[in-house]
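One-based numbering along the sequence shown. These values consider heavy atoms only, across backbone and side chains, with no hydrogens, waters or symmetry-generated copies. A quick note: this is a predicted structure, and the numbers were derived from the prediction, not measured.
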Amino acid sequence: MLAREALVALARQHDFWILEDGVQYLPDEECGTRLYQMAPERTLYVFSTSKLLAGGLRLGVLRAPVEVLTRIGAVLRSHSWMVAPLLMETVCAWLTSGNATQLVEWQMEEMRERQRLARTLLTEWSPAARPSSFDLWLELPEGQRIQAMVASLAERGVHVTSAEPFCVGNEPPPQAIRLCLSAAESREALTHALEIVREQLQAPPALRPMTL
């Protein structure tokens, strides 16, 4: 909170805008007070319905002070003119009826349960994730290699992502994999996939190639 308060103070002192990314949604208990709530007069809050409500709702939302909405609207129209009316009507109906809030609450509770399940089955390898995150990170045991693990799991029908696509710079990526817990159609399917991951993690690593 201290960092956010300092940022708001600087923005007011030097008269600059704050752009807050709300696309990667976090519930209030994990996120804390959002910047647009602390400085509503100078914060632009960007949100996406496809990341949370439904993947097919390709709709972005911008929360901004009233005095700049006309200018922002003109800029948006010059780039995209308008979004599909059906998507807009669907989102507005969900928001006004309360269905959107219920859906978010259900999703967050479901992800908390899936995270607890994953931590129970994979606790030996110290999975890292927020309590309601859609995915988690898992560092591989000593001797295990990313590509071999990804390929072995894929052969058994479990698809995970290596750390490399998420890294920048010249440093080598960590020997870790990313598991998307929200992809499984049910907790039973997720349990089956996690058990396969656990078996692969417990398997002895392949012999390292030797060079002459």
Side-chain angles (χ1 to χ4, degrees), residues 20-32 46-61 100 102-211:
E20 185 172 13
D21 182 3
V23 173
Q24 303 296 336
Y25 177 82
L26 288 174
D28 291 341
E29 60 269 22
E30 296 181 38
C31 177
V46 182
F47 178 76
S48 169
T49 58
S50 62
K51 286 290 186 180
L52 187 63
L53 296 179
L57 293 177
R58 312 298 294 177
L59 190 68
V61 180
Q102 294 177 6
L103 177 58
V104 170
E105 291 175 349
W106 174 83
Q107 286 187 355
M108 292 299 100
E109 182 55 34
E110 178 66 19
M111 293 317 305
R112 291 186 190 99
E113 290 299 323
R114 294 190 178 207
Q115 284 287 348
R116 281 193 283 266
L117 179 60
R119 290 177 183 276
T120 299
L121 291 173
L122 304 175
T123 185
E124 181 180 346
W125 298 277
S126 303
R130 291 181 177 273
S132 58
S133 175
F134 284 20
D135 51 61
L136 63 79
W137 286 97
L138 201 65
E139 290 193 18
L140 301 186
E142 182 69 26
Q144 298 277 13
R145 309 299 294 176
I146 294 179
Q147 297 305 324
M149 177 62 68
V150 171
S152 298
L153 289 172
E155 290 176 356
R156 302 186 63 181
V158 178
H159 298 277
V160 300
T161 307
S162 71
E164 188 167 1
F166 304 94
C167 296
V168 297
N170 297 324
E171 293 296 323
Q175 295 298 308
I177 55 176
R178 179 178 181 266
L179 283 66
C180 182
L181 305 185
S182 61
E185 63 182 12
S186 65
R187 295 183 197 175
E188 290 74 19
L190 177 62
T191 300
H192 177 66
L194 292 173
E195 289 173 344
I196 292 176
V197 172
R198 183 174 62 183
E199 291 174 5
Q200 290 297 132
L201 291 170
Q202 292 172 334
L207 293 176
R208 296 181 179 178
M210 299 181 64
T211 58

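Taking the charged nitrogens against the carboxylate oxygens, E109 and R116 do have a contact shorter than 4.0 Å, which makes a salt bridge. Salt-bridge annotation for R156 and E199: present, with a side-chain N of the basic residue lying under 4.0 Å from a carboxylate O of the acidic one.
E110 CD to E105 CD: the interatomic distance, rounded to the nearest 0.5 Å, is 14.5 Å. Annotation: the span from L140 atom CG to M149 atom CE amounts to 5.0 Å, rounded to 0.5 Å. Distance check: R198 CZ to T123 OG1 gives 11.0 Å after rounding to the nearest 0.5 Å. Put simply, SG on C180 and NE2 on H159 are 12.5 Å apart, with the number rounded to the nearest 0.5 Å. The CZ atom of R187 lies 12.0 Å from the CG atom of L181; values are rounded to the nearest 0.5 Å.
Around atom CD of E171, no more than 12 heavy atoms belonging to other residues, nucleotides or ligands sit under 6.0 Å away. Within 6.0 Å of atom CD in E185, 12 or fewer heavy atoms from other residues, nucleotides or ligands are found, so the atom counts as exposed in its surroundings. Under a cut-off of 6.0 angstrom, the local environment of CZ in R58 is sparse, with at most 12 non-hydrogen atoms contributed by other residues, nucleotides or ligands.
Between A176 and W137 the shortest heavy-atom distance is CB-CE3, 4.3 Å. Between A163 and C167, the closest heavy-atom pair is O-SG, 3.3 Å. The heavy-atom pair separating M108 from L52 by the smallest distance is CE-CD1, 3.9 Å. Closest non-hydrogen pair, V23 versus S48, comes out as CG1-CB, 3.9 Å. In plain terms, the two heavy atoms of P141 and W125 that are nearest each other are CG-NE1, 3.4 Å. T49 and L57 make their closest contact through OG1-O, 2.8 Å (heavy atoms, listed as atom of the first residue, atom of the second, distance).
A donor-acceptor distance shorter than 3.5 angstrom exists from the side chain of R119 to the backbone of A129, with no hydrogens or angles considered.
Contact check for Q147 versus E164: side-chain heavy atoms found under the 4.5 Å cut-off. With a 4.5 Å cut-off on side-chain heavy atoms, F134 and M111 count as touching. With contacts defined as side-chain heavy-atom distances shorter than 4.5 Å, the pair E139/P174 does not qualify. Taking the side chain as every heavy atom from C-beta outward, P27 and R112 approach each other to under 4.5 Å. In this structure the side chain of L194 reaches within 4.5 angstrom of the side chain of L121, judged on heavy atoms. Residues V160 and R178 have side chains not in contact (no heavy-atom distance under 4.5 Å, counting atoms from C-beta outward). Residues L201 and Q144 are not in side-chain contact: their nearest non-hydrogen atoms beyond the backbone lie 4.5 Å or more apart. Contact of the T161 side chain with the F166 side chain is registered, since non-hydrogen atoms from C-beta on lie closer than 4.5 Å.
Side chains of S132 and Q115: a donor-acceptor N/O pair is absent below 3.5 angstrom, by distance only.
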For L153 and I196: C-alpha separation, side-chain torsions, deciding distance, then whether side-chain contact (heavy atoms from CB on, under 4.5 Å) applies. CA-CA 8 Å; L153 289 172; I196 292 176; 4.0 Å; yes
